[in-house]
Enquirer: 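This is the structure I have questions about; it appears just below.
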Amino acid sequence: MKFFPISIIIFLFFSITTAIGAEVNIYSHRQPFLINPFLEKFTEETGIKTNVVYATKGLAQRLKAEGKNSPADVILTVDIGRLYIYDDLDLLASIDSDILDRNIPQNLKSPENKWFALSKRSRIIVTSKERVKEGEITKIEDLADVKWKGKVCSRPGSHVYNRALMASLILSLGEQAAEDWAKKFVANLARRPQGNDRAQVKAIFEGQCDIAVINNYYFGKLKYSEDPNQREWAKSVRLIFPNQGAEDRGAHVNISGGGVAKYSKNKREAVALLEFLSKAASQKMYGEINFEYPVNPNVETTEELKSWGSFKSDSLPIISIALKAYEAQKIIDKVGW
């Protein structure tokens, strides 16, 4: 009988184990068509298989109920408020990664390294090219001016995107000034808050209002839509990245992001996926596919996004927006947004 050195046996064991267990299970709030290109590239480069459970809501509660028996390895979601829920429920593992530390700025990740931003999206202003002059609006605060009474459209204030915007205003202006802004903003609405961000651009195209607030990537989705009507909506509006002055704070941003599940059985593969998403190739894909901005400071914004206008983002620690969500919702309810 032939005997092999113990070092060779150990090497073969881990090689076989890695081949068999090289997979990562993902709980995702992001729609499959948005993340599949990234996951296909990840598998192509690493050989690690990805399995995805997608749902718009309820995944945090599912993960908590599953406890140590959960199959989840990675959580992917949008909006800092939604991501922070996982942290608040103690569902994420603290991880140590030089790659993530290098690629993601401190203000865009958990202080305990439990979650990480993977892309940025800005809440921007869109106006009618015909009915609002260029330069008339430069700040988000300008939308409270009485001159725009009956001219503004908005989705409901309680949506996570607007709640995060409201939180950023509390942090920048103070609670009372932010509430005053919200009252005046609501007084300027042309109609009851309704619809999604695409619907606000459509309303401007149809003349129902002249001004709206949307996430920047919706403009890209409309501009390159297969529906010619949506492309016409995009042509009708001008984009304004607010608060871009030299002494101003920059435009409010929100994030898509992810973390490793606390009871992940495949932590090495889970960390590898987050690291992959933070690297240059993936960061460029966020811009090319989703019209989102890179979080990695070493990655340049795509030419398409550059063509939309200058963009300086607010440098607030993103976690501070999640921590002000309750106060933001109180103001939204109080003013009837």
Enquirer: Does F241 reach the side chain of S310, with side-chain heavy atoms less than 4.5 Å apart?
Expert: no
Enquirer: Taking the side chain from N51 and the backbone from N25, do they hold a donor-acceptor pair closer than 3.5 Å?
Expert: no
Enquirer: Main chain of G259, side chain of K114: is a donor-acceptor contact present, judged purely on distance under 3.5 Å?
Expert: no
Enquirer: Run the side-chain donor-acceptor check on residues 160-167: report pairs under 3.5 Å with partners two or more places apart or on a different chain.
Expert:
{"residue": "Y161", "atom": "OH", "partner": "Y217", "partner atom": "OH", "Å": "3.1"}
{"residue": "N162", "atom": "OD1", "partner": "R123", "partner atom": "NE", "Å": "3.1"}
{"residue": "N162", "atom": "OD1", "partner": "R123", "partner atom": "NH2", "Å": "2.9"}
{"residue": "N162", "atom": "ND2", "partner": "R155", "partner atom": "O", "Å": "3.2"}
{"residue": "N162", "atom": "ND2", "partner": "P156", "partner atom": "O", "Å": "3.2"}
{"residue": "R163", "atom": "NE", "partner": "Q329", "partner atom": "OE1", "Å": "2.8"}
{"residue": "R163", "atom": "NH2", "partner": "S158", "partner atom": "O", "Å": "2.8"}
{"residue": "R163", "atom": "NH2", "partner": "Q329", "partner atom": "OE1", "Å": "3.3"}

Enquirer: Could you tell me whether the side chain of W148 and the main chain of A144 form a donor-acceptor pair under 3.5 Å?
Expert: no
Enquirer: For E275 and N103, test the side chains for any donor-to-acceptor distance below 3.5 angstrom and give the result as yes or no.
Expert: no
Enquirer: Report yes or no: does W115 contribute a side-chain atom to a donor-acceptor pair with the main-chain N or O of I80 at less than 3.5 Å?
Expert: no
Enquirer: How far apart are the C-alpha atoms of L239 and F219, what are their side-chain angles, what is the distance that settles it, and do they pass the side chain to side chain contact (heavy atoms under 4.5 Å, CB included) test?
Expert: CA-CA 9 Å; L239 306 190; F219 177 76; 3.5 Å; yes
Enquirer: Examine distances only and state if a side-chain atom of N266 and a backbone atom of E269 form a donor-acceptor pair shorter than 3.5 Å.
Expert: no
Enquirer: Got a donor-acceptor contact below 3.5 angstrom from the Q283 side chain to the V295 backbone?
Expert: yes
Enquirer: Looking at Q244 and K312, would you say the former's side chain and the latter's main chain have a donor-acceptor pair under 3.5 Å?
Expert: yes
Enquirer: Are the side chains of I140 and R249 in touch, meaning some heavy atoms are under 4.5 Å apart?
Expert: yes
Enquirer: Measure from the side-chain N and O atoms of D314 to the backbone N and O of V253, and report whether any donor-acceptor pair falls under 3.5 Å.
Expert: no
Enquirer: Run the ring pair (Phe, Tyr, Trp, His ring centres under 6.0 Å) test against Y86 and tell me which residues pass, sequence neighbours left out.
Expert: H29
Enquirer: For residues E44 and E40, determine if any side-chain heavy atom of one lies less than 4.5 Å from a side-chain heavy atom of the other.
Expert: no
Enquirer: Tell me whether the rings of W308 and F291 are parallel (<30°), tilted (30 to 60°) or perpendicular (>60°).
Expert: parallel
Enquirer: Do any N or O atoms from the side chain of R131 and from the backbone of I204 form a donor-acceptor pair under 3.5 angstrom?
Expert: yes
